[in-house]
Amino acid sequence: MSKKILSTLACLLIPLVFLNACGDKENKKTTTVVNDDVAVTEQPQKGGNKLVADPNKQLDLNKCVENVKSAFLNGDYPEMDLSISLPSEENDFLNIIMITVDRPESEEQYLWWMNDCLVMLNEEAVKQMPDKYAPASEGYYGGLFDEYAVLLTASCNEDIMVKWPVDQKIAAGAHDPLVLNETLIDMSDFE
């Protein structure tokens with residue numbers, strides 16, 4: 001009688017042990033993929049793979065800024081001074097100042113160039129941390145600007161003391177459309 005019980009229990013336990021062992025092997029399969037200096041660990045899960053970010057990876061905003069400046073210098077943009085200051089203790093926003101050597105045909109071109117600058121900055125952040133920052137799309141500058149506010153100013157050399165066609169601050173997460181500034185600078189305010 002006890003032999004029958006033991007053999008019955010053995011018959012019931014063997015499939016359970018086998019299934020459990022196979023399940024453990026499936027859950028332990030992970031791979032690490034390195035793309036653009038970003039280490040991502042893929043862990044199989046029910047319903048597909050879930051990307052797990054490297055917790056030690058940090059965004060290098062200086063690298064983003066340098067790559068964008070290089071793109072403006074080597075791209076189809078007019079000659080300009082482009083300054084992009086990172087957030088600091090005094091300012092909690094990215095500060096982008098664009099000063100062209102010559103006045104553009106239309107002030108709206110400043111808006112296009114500023115939009116390009118914002119999108120490029122976000123693209124650089126996405127290259128470094130694709131799991132954290134969403135790409136830009138129509139009316140959305142990208143995930144970097146969900147985290148950082150930005151102050152945008154643009155003019156040309158001959159108009160610096162008179163007018164800044166772009167002078168706009170956009171709060172983090174707002175993604176407000178870029179607009180032209182029609183206000184002229186009154187120099188008597190600075191006397």
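In this text the structure is predicted, and so the values were computed from the model without any measurement. Note: hydrogens, waters and symmetry copies are ignored here, and every other heavy atom, side chains too, is used.
- Of all non-hydrogen atoms in N67 and E124, the two that sit nearest each other are ND2-OE1, 2.8 Å.
- C156 has its side chain out of reach of V101: every pair of non-hydrogen atoms, C-beta onward, lies at least 4.5 Å apart.
- Shortest non-hydrogen contact noted between P165 and A154 is CD-O, 3.0 Å.
- Considering all non-hydrogen atoms of both residues, M120 and A71 come closest at SD-CB, 3.7 Å.
- Atom OG of S155 sits about 12.0 Å away from atom CE of M80, to the nearest 0.5 Å.
- In this structure, Y140 is not a member of the same hydrophobic cluster as F145, with clusters built from ILVMFWY side-chain heavy atoms closer than 4.5 Å.
- Sequence neighbours left out, the pairs with a member in residues 94-105 that pass side-chain hydrogen bond (donor to acceptor under 3.5 Å, both in side chains) are T100-Y110, R103-E158, R103-D159.
- If you chain together hydrophobic residues whose side chains sit under 4.5 Å apart, L86 and F72 fall into the same group.
- Counting heavy atoms from C-beta outward, L61 and I84 have side chains that stay 4.5 Å or more apart.
- The distance from atom CG of L144 to atom CD of E123, rounded to the nearest 0.5 Å, is 11.5 Å.
- Qualifying side chain to side chain donor-acceptor pair (under 3.5 Å) partners for D116, counting only residues two or more places apart in sequence or in other chains: Y77.
- Residue pairs meeting the salt bridge (Lys or Arg N to Asp or Glu O under 4.0 Å) criterion with at least one member in residues 133-145, sequence neighbours excluded, do not occur.
- Residues satisfying the salt bridge (charged side-chain N to carboxylate O under 4.0 Å, His left out) criterion with E89, sequence neighbours excluded, are absent altogether.
- With rounding to the nearest 0.5 Å, the separation of CG in L180 from OG in S106 is 7.5 Å.
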Can you list the steps and then say if D167 with T183 is a side-chain contact (heavy atoms from CB on, under 4.5 Å)?
CA-CA 9 Å; D167 186 11; T183 306; over 6 Å; no

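- Nearest heavy-atom pair across H175 and G142 is CE1-O, 3.3 Å.
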Test log, rule side-chain contact (heavy atoms from CB on, under 4.5 Å), inputs L82 and I96
CA-CA 7 Å; L82 179 63; I96 302 173; 4.0 Å; yes

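- When atom types are taken as modelled, the side chain of Q168 and the backbone of P177 share a donor-acceptor pair closer than 3.5 angstrom.
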For L152 and L118: C-alpha separation, side-chain torsions, deciding distance, then whether side-chain contact (heavy atoms from CB on, under 4.5 Å) applies.
CA-CA 10 Å; L152 307 167; L118 293 173; 4.0 Å; yes

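- Side-chain contact between K163 and E182 is present, with at least one heavy-atom pair separated by less than 4.5 Å.
- L151 belongs to a hydrophobic cluster whose other members, connected by ILVMFWY side-chain contacts under 4.5 Å either directly or through intermediates, are F93.
- Y148 and N122 share no donor-acceptor pair across their side chains, judged by distance under 3.5 Å alone.
- Crowding of N157 atom CG: a count of heavy atoms from other residues, nucleotides or ligands under 6.0 Å exceeding 12.
- Here E66 does not pair with K63 in a salt bridge; the nearest charged N to carboxylate O distance is not below 4.0 Å.
- Side-chain contact, Y133 with Q128: no donor N or O sits under 3.5 Å from an acceptor N or O.
- Using a 4.5 Å cut-off between side-chain heavy atoms of Ile, Leu, Val, Met, Phe, Trp and Tyr, with links allowed through other members, L178 and V119 fall into different hydrophobic clusters.
- Listed by chain and residue number, I170, A171, D176 satisfy the side chain to side chain contact (heavy atoms under 4.5 Å, CB included) test with A174 (two or more places apart in sequence, or in another chain).
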